[in-house]
A.B. asks: 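First the structure, which I've put down as structure tokens, then a few questions once you've had a look.
So that the names make sense, note that chain A is the first sequence line, chain B the second, and so on, each numbered from 1. The shown structure was predicted, so the numbers you read here are calculated from the model rather than taken from an experiment.
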There are 2 protein chains.
Amino acid sequence: MRLSTRGRYGTRALLELALHQGEGPVLLRDIARKQEISLSYLEHLITPLIAAGLVASTRGPKGGVMLAKPAEEIRLNEIIYLLDGPIAPVECVNSKKACARSEKCAPRDIWQELRKAMNDILSSITLKDLASRQIAKEEFEGTMYYI
Amino acid sequence: MRLSTRGRYGTRALLELALHQGEGPVLLRDIARKQEISLSYLEHLITPLIAAGLVASTRGPKGGVMLAKPAEEIRLNEIIYLLDGPIAPVECVNSKKACARSEKCAPRDIWQELRKAMNDILSSITLKDLASRQIAKEEFEGTMYYI
DNA sequence: GTATTGTTGACCAACATAGTCTACAATAAT
DNA sequence: ATTATTGTAGACTATGTTGGTCAACAATAC
């Protein structure tokens, strides 16, 4: 029951963009460095996000990537879906056809509850929320030194 | 974000045992047939469940496997844990040491919420509950023919 | 003792994951 | 125009996980 690195790294990359929203293009290289993701791998992760219209890119000197829409309009479930596919513990919760026993399978009902719970959480959080949380964490870290 | 076949098949196998609780040993072969799992694979799945004391087995003719304790005392999170490992979307939610950035990582908080939600659901459901649901489903299916 | 059952461990094919590397395309600055 | 700088695309690969198979073995009811 694990989330792949794609979804996690992608979320972190977008968080980085959200933290620098309004500051113009951010270099992939800088995202890679700050979020500790290999640049080559990040390039692959960013592609579907660009294709989906979450991220805008400009090439050449002074280029880079930036959020293509406000951080409050991007929800985590969207990011995970784009990078990891359907947020579902098993295929059969998406299509009944995936398994002949779907109709009379009690376990399947449980897997569906799991999916709903996960989706509810992920769709309730926007990149803006995530960025706010991150900022709060860092500020709190800072105050720690004064205790 | 998927549940492996191990956890799912294992759950189904135990459901089958719960449905036949008190009827003596059930053949692995019969479980395999009814739940559509290959026998050889089921053998591997049942082993950790026996080791953990959820299932009791007897060899030889008239042998088979049965629940080692009442179905109300077996929770789904236990089954999934035994077969799939920790119910966690990422390792870092279990041990902070897994990642140096854990302390100041907002995404990690989200993954922890996910884990909690999943665990809450799975630990709230016992094998007994699952069996009751299954019976209800089959009875309902049965009535359908009279419409 | 023999047929029947579970137990164990070696093995394996296919796929997913998590990348690397190279060549290429666009563009800003000169 | 040239060049340096950026993202884009695709081929390639190493490793691990998944979902098994198969054969030998151990226990036990009859």
A.B. asks: Identify which one of A:Ile74, A:Thr47, A:Val65 satisfies the side chain to side chain contact (heavy atoms under 4.5 Å, CB included) criterion when paired with A:Val55.
C.D. replies: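 Looking at A:Ile74, A:Thr47, A:Val65, the match for A:Val55 under the side chain to side chain contact (heavy atoms under 4.5 Å, CB included) is A:Val65.
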A.B. asks: A:Leu45 CG to D:dG7 P: how many Å, rounded?
C.D. replies: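 Checked: the CG to P distance equals 14 Å.
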A.B. asks: Could you tell me how far apart A:Ile31 (CD1) and D:dT6 (P) are, to the nearest whole angstrom?
C.D. replies: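 Nearest whole value for this atom pair: 13 Å.
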A.B. asks: If we ignore angles and hydrogens, is there a donor and acceptor under 3.5 Å between the side chains of A:Thr126 and A:Asp129?
C.D. replies: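 Note: A:Thr126 and A:Asp129 side chains meet the donor-acceptor criterion.
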A.B. asks: So do A:Thr5 and A:Tyr9 actually touch side chain to side chain, heavy atoms under 4.5 Å?
C.D. replies: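 Yes, close enough: below the 4.5 Å cut-off.
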A.B. asks: Return the polar atom pairs (N/O with N/O) between nucleotides 28-30 of chain D and the protein under 3.5 Å, or none.
C.D. replies:
none

A.B. asks: Which sits closer to the 5' end of DNA chain C, A:Asp84 or B:Leu27, going by the nucleotide each is nearest to?
C.D. replies: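 The 5'-side residue here is B:Leu27.
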A.B. asks: Between B:Ser57 and C:dT5, is there a side-chain N or O to OP1/OP2 distance below 4.0 Å?
C.D. replies: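 It does not, given that no N or O in the side chain of B:Ser57 lies less than 4.0 Å from OP1 or OP2 of C:dT5.
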A.B. asks: Among C:dG6, D:dT6, C:dT5, find the nucleotide with the atom closest to the side chain of B:Leu28.
C.D. replies: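 Given the options C:dG6, D:dT6, C:dT5, the side chain of B:Leu28 is closest to C:dG6.
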A.B. asks: Roughly how many Å is it from CD in A:Glu36 to P in C:dG19, rounded to a whole number?
C.D. replies: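 Taking atom P of C:dG19 as the reference, CD of A:Glu36 is at 12 Å.
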A.B. asks: Grab the CG-P distance between A:Leu83 and C:dA18 for me, whole Å please.
C.D. replies: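 Result: 12 Å.
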A.B. asks: So which protein N/O to nucleotides 19-23 of chain D N/O distances come out below 3.5 Å?
C.D. replies:
from: D:dG19; atom 1: OP2; to: B:Thr5; atom 2: N; distance (Å): 2.8
from: D:dG19; atom 1: OP2; to: B:Thr5; atom 2: OG1; distance (Å): 2.4
from: D:dG19; atom 1: O5'; to: B:Thr5; atom 2: OG1; distance (Å): 3.1
from: D:dG20; atom 1: OP2; to: B:Tyr9; atom 2: OH; distance (Å): 3.3
from: D:dT21; atom 1: OP2; to: B:Ser38; atom 2: OG; distance (Å): 2.7
from: D:dT21; atom 1: O4; to: B:His44; atom 2: NE2; distance (Å): 2.9

